[in-house]
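Notes follow the structure.
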Amino acid sequence: MLPGLSGYDICKVLRSKKITTPILMLTAKGQEIDKVVGLDLGADDYVTKPFGVRELLARIHALLRRTGGGVAAEKQAQTAFQIGAGTIDPKTFQLKRGKVVEDLTEKELKVLQLFAAHPGEVLSRDRLLNDVWGYNYYGTTRTLDQVIVQLRKKLGDNGNEPSTW
């Protein structure tokens with residue numbers, strides 16, 4: 001309900017420019033489809049009116065906890081890292097494996113960053129969905145499966161002999 005661009009449009013523009021600043025949508029649009037669209041466009045949380053101030057503050061604090069909420073976390077999120085034979089550059093959203101260069105989606109990058117931040121740790125499906133898609137994700141868990149399939153391909157895993165990252 002903003003003048004000019006909608007909140008959805010602003011979210012889409014920010015995410016298309018690879019801006020990873022946390023986005024919390026605060027809106028009067030409370031239908032399930034509105035929430036799904038907002039989250040699918042890259043919002044990290046979605047709060048509908050009317051809302052309680054304490055709930056809003058709790059959601060902001062949770063969002064900042066999940067995203068690091070600080071300059072150091074943002075700097076670390078922009079640092080290149082290795083997974084297997086691949087080098088991931090968060091600034092360009094690219095995975096380089098030898099001479100092969102693969103473009104990454106925002107969700108693929110977040111999954112890889114989460115794996116890199118927790119080497120050797122088993123991460124549950126719920127943890128991956130919550131940390132990458134957010135606590136209010138309403139979609140199917142098959143979405144995660146599809147992201148993992150795409151990442152395995154991009155990392156050069158043939159599927160018959162799965163490797164650990």
Side-chain angles (χ1 to χ4, degrees), residues 4-25 33-46 62-165:
L5 293 176
S6 72
Y8 295 144
D9 292 332
I10 292 170
C11 186
K12 194 184 312 182
V13 167
L14 291 173
R15 294 308 187 223
S16 72
K17 292 183 178 185
K18 310 296 186 205
I19 295 172
T20 59
T21 301
I23 297 174
L24 183 144
M25 289 193 169
I33 190 66
D34 298 320
K35 296 174 186 179
V36 170
V37 169
L39 294 168
D40 282 348
L41 288 174
D44 298 289
D45 202 352
Y46 194 103
L63 186 58
L64 291 175
R65 269 195 316 274
R66 283 196 314 268
T67 60
V71 175
E74 183 67 25
K75 186 174 181 182
Q76 181 181 0
Q78 297 301 313
T79 303
F81 59 95
Q82 291 279 139
I83 291 188
T87 301
I88 294 89
D89 185 349
K91 291 178 185 173
T92 61
F93 278 65
Q94 290 184 328
L95 181 151
K96 296 176 184 171
R97 190 174 32 88
K99 293 183 179 182
V100 176
V101 177
E102 300 276 3
D103 290 325
L104 297 170
T105 67
E106 179 186 357
K107 299 302 185 195
E108 288 171 343
L109 177 61
K110 284 184 176 183
V111 167
L112 290 173
Q113 286 174 321
L114 190 59
F115 284 147
H118 301 278
E121 187 177 332
V122 176
L123 301 176
S124 70
R125 178 179 294 276
D126 285 342
R127 168 83 185 271
L128 288 166
L129 287 169
N130 288 338
D131 285 6
V132 175
W133 278 267
Y135 289 101
N136 290 326
Y137 178 67
Y138 294 107
T140 172
T141 58
R142 296 292 300 161
T143 302
L144 173 61
D145 297 343
Q146 291 305 311
V147 168
I148 297 297
V149 165
Q150 292 305 312
L151 284 173
R152 290 181 95 93
K153 287 179 186 174
K154 290 177 181 183
L155 286 165
D157 188 4
N158 68 17
N160 294 327
E161 299 173 17
S163 58
T164 56
W165 301 330

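- One distance of note links CD1 of Ile10 with CG of Leu41; it measures 12.0 Å at 0.5 Å rounding.
- Across Lys110, Arg127, Gln113, a single residue satisfies side chain to side chain contact (heavy atoms under 4.5 Å, CB included) together with Val132, and that is Lys110.
- For the atom pair CG of Leu144 and CZ of Arg142, the computed distance is 9.5 Å after rounding to the nearest 0.5 Å.
- Here Ile23 contributes atom CD1 and Cys11 contributes atom SG; the two are 3.5 Å apart, rounded to the nearest 0.5 Å.
- Between the CG atom of Asp34 and the CG atom of Leu39 there is a distance of 11.0 Å, given to the nearest 0.5 Å.
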Check step by step if side-chain contact (heavy atoms from CB on, under 4.5 Å) holds for Leu155 and Leu95. CA-CA 8 Å; Leu155 286 165; Leu95 181 151; 3.4 Å; yes
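- More than 12 heavy atoms of other residues, nucleotides or ligands sit less than 6.0 Å from atom CZ of Arg125.
- Of all heavy-atom pairs spanning Phe81 and Pro90, the tightest one is CE2-CG, 4.0 Å.
- Here CG of Leu114 is found 10.5 Å from CG of Asn130. Values are rounded to the nearest 0.5 Å.
- Taking the side chain as every heavy atom from C-beta outward, Leu151 and Leu104 approach each other to under 4.5 Å.
- Screening Lys18, Glu108, Glu102 for a side chain to side chain contact (heavy atoms under 4.5 Å, CB included) with Phe93, the sole residue that qualifies is Lys18.
- The minimum heavy-atom distance between Ala43 and Met25, with the atom names listed, is CB-CG, 3.9 Å.
- A 4.5 Å side-chain heavy-atom check between Phe115 and Ile88 finds every atom pair outside the cut-off.
- By the 4.0 Å N-to-carboxylate-O rule, Asp44 lies close enough to Arg15 to be salt-bridged with it.
- The two residues Gln94 and Asp103 make their nearest non-hydrogen contact at NE2-OD1, 3.3 Å.
- To the nearest 0.5 Å, atom CD1 of residue Ile83 and atom CG of residue Leu112 are 4.5 Å apart.
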